[in-house]
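Down below is the structure, laid out as structure tokens.
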Amino acid sequence: MELNARIYVAGHRGMVGAALVRRLKQAGYFNLITRSSQELDLRDQGAVEDFFSLENPEYVLLAAAKVGGILANNTYRADFLYDNLMIQSNVLRESQRRGVKKLLFLGSSCIYPKMAPQPIKEDYLLTGPLEPTNEPYAIAKIAGLKLCEAYREQYDCNFITAMPTNLYGPGDNYHPQNSHVLPALLRRFAEAQALGHPRVVVWGTGTPRREFLHVDDLADACLHLMLHYNEVAPVNIGTGRDISIQELAELVTELTGYLGETVFDFSHPDGTPRKLLDVSRLHALGWQHSIGLREGIEAVLQSEDWRRATSASSLSVVA
Ligand SMILES: NC(=O)C1=CN([C@@H]2O[C@H](COP(=O)(O)OP(=O)(O)OC[C@H]3O[C@@H](n4cnc5c(N)ncnc54)[C@H](OP(=O)(O)O)[C@@H]3O)[C@@H](O)[C@H]2O)C=CC1
Ligand SMILES: C[C@H]1O[C@H](OP(=O)(O)OP(=O)(O)OC[C@H]2O[C@@H](n3cnc4c(=O)[nH]c(N)nc43)[C@H](O)[C@@H]2O)[C@@H](O)[C@@H](O)C1=O
């Protein structure tokens, strides 16, 4: 990928897309093509055709998607399936038709079976039933992965696929209901600390285990794959370490300085009991993460982004 290559980063206003833009610029790439969803709705096939014909990107990083935590996935089931199928189908088809040199598709660790052996190898795909709370999203992501595979087989397209674990970092979504667990807990515990709330509620039993990767590490791994990987097989992207939701709540309690009680609300679903990725394929390609979880959360809490994201709420008290 030459430094003057025309690179389309789809979803550049999102957490991952923004991190990809930062990383690419840092590496010296300057010909980046971006559009917000208002400027270009990727669900609209005609609009995507016009955009590709106008911009003619040589490389595509597909980080545009309908994304959310366990509750959003379970509530907006049709939107998670439809939007993601449309976005990825339009972008992949047009990338094939326009002769894009290489494309990176981002899936998710939720594509693997709910009860997959741990750590989860890429080969465990389609070996068992999915977790029901995010089945529509997972089905869309599996379809995206398979479409990349099929374009490679039929048309010789260099489309590669990466399966990131749960991510966090600058640009995260701090919505109280629709976000993922880490931003949700950061917000709830910081708010409780600032306002002197005696109790914080954490959803589920606290026993599920999750792996968390800083989005700057993810962006670095994506660039590494764009430069060094050209195979059909998906590549897991993670740290290879996990933590229970209870342990995560304890860490967030400590880092936000919250002094009250934590209670678990068993009426919320736990989702997948454990999602720890096997990252040996990624390590064999010469990449390892560099930002630890404690260090990554501390950086978030000290960032301008956290201050901005929380300044519109009562959290401004602690900003
Ligand atoms: N966050 C996580 O924990 C994980 C994320 N991933 C994957 O990484 C990718 C990016 O996720 P993340 O950055 O967290 O998500 P965000 O919600 O932060 O960003 C999603 C981006 O997609 C764009 N988008 C959504 N719908 C459309 C549309 N109809 N047309 C055009 N653009 C659209 C949005 O554009 P705009 O802002 O302009 O509206 C937004 O910039 C996704 O593929 C996701 O599945 C994988 C594993 C974990
Ligand atoms: C990235 C990944 O993200 C989603 O899967 P998930 O890993 O289950 O995501 P989550 O971060 O929302 O929850 C993790 C765990 O944490 C518990 N939990 C506690 N308290 C809160 C809380 O306040 N908010 C949330 N969201 N979860 C909470 C929650 O009950 C669950 O046990 C999928 O959308 C999937 O599609 C996907 O790709």
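Quick note: residue numbers are just sequence positions, from 1. Both counts, for ligands and for their atoms, begin at 1 and track the order of listing.
- Distances below 4.0 Å separate heavy atoms of S36 from the following atoms of ligand 1: 38 (O).
- From the protein, the heavy atom lying nearest to atom 10 (C) of ligand 1 is A63 O, 3.3 Å.
- Taking the ring centre of F80 as origin, the terminal cationic atom of K66 falls inside the region bounded by 6.0 Å and 45° from the ring axis.
- From the protein, the heavy atom lying nearest to atom 3 (O) of ligand 2 is H180 CD2, 3.1 Å.
- In the candidate list G107, G144, S108, G107 is nearest to atom 7 (C) of ligand 1, counting heavy atoms.
- Which parts of ligand 1 touch V16 is read off a 4.0 Å heavy-atom cut-off, strictly below it: atoms 8 (O), 10 (C), 11 (O), 12 (P), 13 (O).
- Distance from atom 2 (C) of ligand 2 to its nearest protein heavy atom, with residue and atom name: K275 NZ, 3.6 Å.
- Residue L40 has at least one heavy-atom neighbour below 4.0 Å for each of these atoms of ligand 1: 30 (N), 31 (C).
- Atom numbering of ligand 1 starts at 1 in the shown order; those under 4.0 Å from a heavy atom of T165 are 47 (C), 48 (C).
- Between M15 and ligand 1, an N or O atom pair is found at a separation short of 3.5 Å.
- Less than 4.0 angstrom separates some heavy atom of P208 from each of these atoms of ligand 2: 32 (O).
- Between K101 and E58, at least one side-chain nitrogen of the basic residue sits less than 4.0 Å from a carboxylate oxygen of the acidic one, meeting the salt-bridge criterion.
- Every atom of ligand 2 with a heavy atom of R188 under 4.0 Å away is listed here by number and element: 22 (C), 23 (O).
- Closest to atom 11 (O) of ligand 2 by heavy atom, among D270, I245, V181, T272, is V181.
- Here is the list of ligand 2 atoms found below 4.0 Å of a heavy atom in S108: 37 (C), 38 (O).
- Any N or O atom pair closer than 3.5 Å counts here, and D41 shares at least one such pair with ligand 1.
- H289 pairs with exactly one of L282, T165, D220, T239 by the side-chain contact (heavy atoms from CB on, under 4.5 Å) rule, that one being T239.
- For atom 5 (C) of ligand 1, the closest heavy atom belonging to the protein is L167 CD1, 3.7 Å.
- Close N/O approach between L42 and ligand 1 is found [any backbone or side-chain N/O within under 3.5 Å].
- Within ligand 1, counting atoms from 1 as listed, the ones closer than 4.0 Å to a heavy atom of I87 are 26 (N), 27 (C), 28 (C), 29 (N).
- Considering only non-hydrogen atoms, atom 37 (O) of ligand 1 lies nearest to R13 out of Q38, M86, R13.
- The minimum heavy-atom distance linking L20 with A63 is given by the pair CD1-CB, 4.0 Å.
- Ligand 2 lies nowhere less than 4.0 angstrom from a heavy atom belonging to L71.
- Counting only non-hydrogen atoms, the option in S179, A47, A64 that gets closest to atom 24 (N) of ligand 1 is A64.
- The nearest protein atom to atom 12 (O) of ligand 2, hydrogens excluded, is given as I70 N, 2.7 Å; this is a heavy-atom distance.
- Panel note: side chain R152, backbone F159; a donor-acceptor pair is recorded below 3.5 Å.
- Polar contact with ligand 1: absent for N166 (N/O pair, distance under 3.5 Å).
- Comparing A65, S37, G171 against atom 25 (C) of ligand 1, the shortest heavy-atom distance belongs to A65.
- Looking at P269, G204, G271 and measuring to atom 30 (O) of ligand 2, the nearest heavy atom belongs to P269.
- Against a heavy-atom cut-off of under 4.0 Å, K141 is close to the following atoms of ligand 1: 42 (C), 43 (O), 44 (C), 45 (O).
- Close approach of ligand 2 to N166 (heavy-atom distance below 4.0 Å) involves ligand atoms 1 (C), 7 (O), 11 (O).
- At the top of the distance list for atom 41 (O) of ligand 1, counting protein heavy atoms only, stands G14 N, 2.9 Å.
- Among protein heavy atoms, atom 11 (O) of ligand 1 sits closest to V67 CG2, 3.6 Å.
- For the ligand labelled ligand 2, residue H268 lies outside the 4.0 Å heavy-atom shell.
- For atom 34 (C) of ligand 1, no protein heavy-atom neighbour is present inside the 4.0 Å cut-off.
- Scanning all protein heavy atoms for the shortest distance to atom 33 (C) of ligand 2 gives N134 ND2, 3.5 Å.
- Atom 19 (C) of ligand 2 has its nearest heavy-atom neighbour, among Y137, Y168, F80, W203, in W203.
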